[in-house]
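Report on the structure given below.
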Amino acid sequence: MPEMDYATLLREGYAQRLPDSLDDLCGPTDGVVALPQHIVWSGLDRFDLANPRLRMSYYRIVLAEGQAADLCQYLDKATLLALWPILRTLIRPAIVDVWEHAFADLDTRTRTAA
């Protein structure tokens, strides 16, 4: 069995965490949200979703560190779609590749925003 490079392993790890559908993302859209320690183990762990910078940081952290159930619990479909054109420039390319490959809504939003 050939060895996989780090980028391939990373993409596979993110792909295993994906929700079945963007409709499964039913997280909060307002208020202050506290993320659990397994997602954010140091630094800021409470995010006021009314603050654009904190909302963007919250989405970056959950996408990078959250497991499948976390993604559904803490992310919201409409918010993700609205943030995606900028968010995709702030997260790992492996996350962008996996999410845009899995969900045409994100890939289309990126092409129309460019």
Side-chain angles (χ1 to χ4, degrees):
M1 179 184 216
E3 282 190 43
M4 285 193 242
D5 63 18
Y6 179 72
T8 301
L9 288 173
L10 198 56
R11 274 195 281 297
E12 284 185 5
Y14 287 121
Q16 291 174 0
R17 301 177 190 177
L18 288 174
D20 293 331
S21 165
L22 290 180
D23 292 329
D24 294 340
L25 305 179
C26 55
T29 58
D30 59 11
V32 176
V33 181
L35 291 175
Q37 190 173 9
H38 73 273
I39 296 176
V40 59
W41 54 87
S42 69
L44 186 64
D45 66 354
R46 294 184 183 279
F47 299 84
D48 182 351
L49 299 182
N51 180 310
R53 286 180 188 230
L54 291 177
R55 184 174 51 246
M56 190 69 73
S57 292
Y58 170 89
Y59 270 73
R60 287 178 58 209
I61 292 167
V62 174
L63 284 167
E65 305 299 336
Q67 297 301 311
D70 299 322
L71 298 171
C72 294
Q73 180 179 353
Y74 293 107
L75 300 180
D76 169 71
K77 176 185 177 179
T79 305
L80 179 67
L81 289 171
L83 295 177
W84 191 255
I86 294 171
L87 183 61
R88 71 182 304 278
T89 68
L90 302 173
I91 58 179
R92 287 179 179 256
I95 299 171
V96 174
D97 291 346
V98 166
W99 280 75
E100 288 183 354
H101 180 74
F103 304 113
D105 288 353
L106 295 175
D107 189 35
T108 300
R109 186 162 285 271
T110 301
R111 281 186 272 137
T112 57

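Just so you know, residue 1 is the first one in the sequence shown, and it goes up from there. Atoms considered below: every heavy atom in the structure, side chains included; atoms not considered: hydrogens, waters and symmetry mates. Note that the structure is predicted; figures quoted are calculated from it, not measured.
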*asked:* Using modelled atom types and a 3.5 Å cut-off, is there a donor and acceptor pairing between side-chain atoms of D70 and backbone atoms of Q67?
replied: yes

*Do F47 and I61 have side-chain heavy atoms sitting under 4.5 Å apart?*
yes

*What closest approach, in Å, do L18 and A102 show between heavy atoms, and which atom pair accounts for it?*
CD1-CB, 3.5 Å

*Check the pair D30, D48 against side-chain contact (heavy atoms from CB on, under 4.5 Å), reporting the backbone distance first and the verdict last.*
CA-CA 7 Å; D30 59 11; D48 182 351; over 6 Å; no

*How many angstroms lie between CG in L80 and CG in L87, if you round to the nearest 0.5 Å?*
6.5 Å

*Search all heavy atoms of M56 against all heavy atoms of L83 and return the closest pair with its distance.*
CE-CD2, 3.8 Å

*Does the R17 side chain pair with the main chain of A64, one donor and one acceptor, at a distance under 3.5 Å?*
yes

*asked:* If I compare all heavy atoms of P28 with all of V33, which pair ends up nearest, and what's the gap?
replied: CG-CG2, 3.5 Å

*If the plane angle is over 60° it's perpendicular, under 30° parallel, otherwise tilted; pick one for Y58 and Y74.*
perpendicular

*Is the side chain of D24 donor-acceptor paired with the backbone N or O of S21 at a distance under 3.5 Å, no angle test?*
yes

*Test side-chain contact (heavy atoms from CB on, under 4.5 Å) on W99 and W84 and set out the steps.*
CA-CA 10 Å; W99 280 75; W84 191 255; 3.8 Å; yes

_Can you confirm whether more than 12 heavy atoms, excluding those of L90, are under 6.0 Å from its CG atom?_
yes

*Just do the side-chain contact (heavy atoms from CB on, under 4.5 Å) check on L63 and L75 with the steps written out, would you?*
CA-CA 8 Å; L63 284 167; L75 300 180; 3.8 Å; yes

*Determine the minimum heavy-atom distance between L25 and P19, stating which atoms define it.*
CD2-CG, 3.9 Å

*Answer with yes or no whether the hydrophobic clustering places V62 together with W41; edges join I, L, V, M, F, W, Y residues whose side-chain heavy atoms lie under 4.5 Å apart.*
no

*Following the transitive rule for hydrophobic clusters with a side-chain heavy-atom cut-off under 4.5 Å over Ile, Leu, Val, Met, Phe, Trp and Tyr, establish whether L44 and V32 coincide in one cluster.*
no

*Take E100 and R88 through the test side-chain contact (heavy atoms from CB on, under 4.5 Å) and record every step on the way to the result.*
CA-CA 9 Å; E100 288 183 354; R88 71 182 304 278; 2.6 Å; yes

_Closest approach of D5 to T8 (non-hydrogen atoms, all atoms of both residues)_ = OD1-OG1, 2.6 Å

_Can you see whether D107 engages H101 through a side-chain donor-acceptor pair at a distance of less than 3.5 angstrom?_
no

_Are L54 and L49 packed together at the side-chain level, in the sense that at least one heavy-atom pair is separated by less than 4.5 angstrom?_
no

